[in-house]
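Worksheet for the structure shown next.
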Amino acid sequence: MVVDPKNAAVNGRKRSQRSPTSPASHLEVADALRARIRSGQLRPGQRMPTQATLADEFGVERGAVRQALRILQSEHLLTNVSKGSPATVAPDLGLGNALSGPGAPPLPTMVALAPRIADAFAAPHVEIDALCLTSVSLTLAIGEPLRRIHEGRLKPAKVDVRVLLPSRDIDLAFPTPVDSSADGRLQRRWLAHRNAQGQVLRHNLQALRATHGIDVSVAFRALPFTPPVKLYLLNGVEALFAYYTLTRREEEIDHEHLEMYDAEGTRSMLFAFAQGAGLRDTTFVEQSHLWFNALWETISSELVLTS
């Protein structure tokens, strides 16, 4: 029997029957592999076929396969995606991860950010850029990958973190007292909170240099405005975006009740965009990097985490 090489089986599957004029897109490749993972055909911890094998099976270039694998990595279905060794099906395919991919509905920052940050720390070179009001959400989210590093489950070689925060020298748009004649207690409290969170974030990350020999860089710069949104950029391939939604509320400060306009950043709904998950997502990630870098290199200034 003669087997036509165009239809030969790869790992028990037939090669794509598509004509050369209609190759599968990277999104279709991602959909097919996602279905295999969800169905259990590809099991947690199992190594994926090589990129060359997948490219042959689906009749696409390796670049399309890499785009598909990055999408699945951003959805926490794969780990160790690179140009070298084959990717691995994520060991934890729980419901929380299944609901946190770019195609999933937005989730509160407190729920969605930590698993994304932890996945980013699986890369050899971790790059995180953040623009926010106090960095409290980022500091909390960093706790999960730090725990995995101390357990020996993660070991990045290098970690670079850049954070843009409002300057202490501006009048904040929020939090702000409803009564504009109120004194500056609210801004002083915000400044102490910003500095404390930044110091904890910097200390916890820099400690990795001494405990695990990881090359760590943590830098802060000050913005001349109050950001109405928060943005997290992960390893150059994912952007997480949320609006700060203001509410009027009352809080006790220095034994006195004060009405204010403020936003609870940990509850802000986080939208995810992944490079390679379509033109819209890819463009958003690229433009977000351009925007962040422009702020970092132009109108931002040195930030010192002291009162």
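If you read the sequence from its start, that first residue is 1, and numbering goes on from there. Just so it is clear, the values below take in all heavy atoms, side chains as well, and ignore hydrogens, waters and symmetry mates. What you see is a predicted model; the values in this text were computed from it and never measured.
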[X] side chain near [Y] side chain, heavy-atom distance below 4.5 Å:
{"X": "Leu69", "Y": "Leu33", "value": "yes"}
{"X": "Val65", "Y": "Val60", "value": "yes"}
{"X": "Val159", "Y": "Asp215", "value": "no"}
{"X": "Thr50", "Y": "Thr53", "value": "yes"}
{"X": "His26", "Y": "Ile71", "value": "yes"}

Given 3.5 Å as the limit, does a donor-acceptor pair link the side chain of [X] with the main chain of [Y], or not?
{"X": "Trp291", "Y": "Glu286", "result": "no"}
{"X": "Ser300", "Y": "Leu295", "result": "yes"}
{"X": "Asn195", "Y": "Thr306", "result": "yes"}
{"X": "Thr211", "Y": "Ala207", "result": "yes"}
{"X": "Glu252", "Y": "Leu258", "result": "no"}
{"X": "Ser135", "Y": "Leu138", "result": "no"}
{"X": "Thr226", "Y": "Ala173", "result": "yes"}
{"X": "Arg221", "Y": "Leu164", "result": "no"}
{"X": "Thr109", "Y": "Ser268", "result": "yes"}
{"X": "Gln46", "Y": "Arg43", "result": "yes"}

Using a strict threshold of under 4.0 Å (side-chain N to carboxylate O), is an ion pair present between [Y] and [X]?
{"X": "Arg148", "Y": "Glu151", "answer": "no"}
{"X": "Arg34", "Y": "Glu28", "answer": "no"}
{"X": "Arg248", "Y": "Glu259", "answer": "yes"}

Review point. Between Asn293 and Arg162, does a side-chain hydrogen bond (donor to acceptor under 3.5 Å, both in side chains) hold up when you go through it step by step?
Key: CA-CA 10 Å; Asn293 287 333; Arg162 300 188 300 173; 2.6 Å; yes
**Study point:** Working for side chain to side chain contact (heavy atoms under 4.5 Å, CB included), residues His257 and Glu251
**Key:** CA-CA 5 Å; His257 289 279; Glu251 188 170 326; over 6 Å; no
Exercise for review: Determine, step by step, whether Arg185 and Glu256 satisfy the salt bridge (Lys or Arg N to Asp or Glu O under 4.0 Å) criterion, reporting the C-alpha distance in whole Å, the side-chain angles of both residues, the deciding distance to 0.1 Å, and the verdict.
Suggested key: CA-CA 11 Å; Arg185 283 175 295 168; Glu256 183 178 337; 3.3 Å; yes
Rounded to the nearest 0.5 Å, what's the gap from [atom1] on [X] to [atom2] on [Y]? Could you check?
{"X": "Leu154", "Y": "Phe121", "atom1": "CG", "atom2": "CZ", "value": "8.5 Å"}
{"X": "Leu233", "Y": "Ile128", "atom1": "CG", "atom2": "CD1", "value": "10.0 Å"}
{"X": "Glu127", "Y": "Asn235", "atom1": "CD", "atom2": "CG", "value": "6.5 Å"}
{"X": "Arg147", "Y": "Arg153", "atom1": "CZ", "atom2": "CZ", "value": "5.5 Å"}
{"X": "Ile149", "Y": "Glu144", "atom1": "CD1", "atom2": "CD", "value": "10.5 Å"}
{"X": "Phe241", "Y": "Phe284", "atom1": "CZ", "atom2": "CZ", "value": "5.0 Å"}

Review point. For the residue pair Tyr243 and Phe271, does the interplanar ring angle fall in the parallel (under 30°), tilted (30 to 60°) or perpendicular (over 60°) class?
Key: perpendicular
Point to revise | Mutual orientation of the aromatic rings belonging to Phe292 and Trp296 [parallel < 30°, tilted 30-60°, perpendicular > 60°] | key: parallel
Given the rule that I, L, V, M, F, W and Y join up when any side-chain heavy atoms are under 4.5 Å apart, are [X] and [Y] in one cluster?
{"X": "Val285", "Y": "Val237", "result": "no"}
{"X": "Val218", "Y": "Leu113", "result": "yes"}
{"X": "Phe273", "Y": "Leu231", "result": "yes"}
{"X": "Leu131", "Y": "Ile299", "result": "yes"}
{"X": "Leu133", "Y": "Ile170", "result": "yes"}

Review point. What's the verdict on side chain to side chain contact (heavy atoms under 4.5 Å, CB included) for Leu78 and Val89, showing C-alpha distance, side-chain angles and the deciding distance?
Key: CA-CA 5 Å; Leu78 294 179; Val89 180; 4.2 Å; yes
**Study point:** Worked check of side chain to side chain contact (heavy atoms under 4.5 Å, CB included) between Tyr261 and Leu186
**Key:** CA-CA 11 Å; Tyr261 297 114; Leu186 193 55; over 6 Å; no
Residues, nucleotides or ligands: over 12 heavy atoms within 6.0 Å of [X] [atom1]:
{"X": "Arg62", "atom1": "CZ", "result": "no"}
{"X": "Glu302", "atom1": "CD", "result": "no"}
{"X": "Asp171", "atom1": "CG", "result": "no"}

Exercise for review: Would you sort out whether Lys230 and Ser137 count as a side chain to side chain contact (heavy atoms under 4.5 Å, CB included), showing the intermediate values?
Suggested key: CA-CA 10 Å; Lys230 57 166 59 180; Ser137 297; 3.2 Å; yes
Exercise for review: Decide yes or no on salt bridge (Lys or Arg N to Asp or Glu O under 4.0 Å) for Glu57 and Arg36, but give the supporting numbers first.
Suggested key: CA-CA 14 Å; Glu57 176 187 345; Arg36 293 175 192 175; 2.4 Å; yes
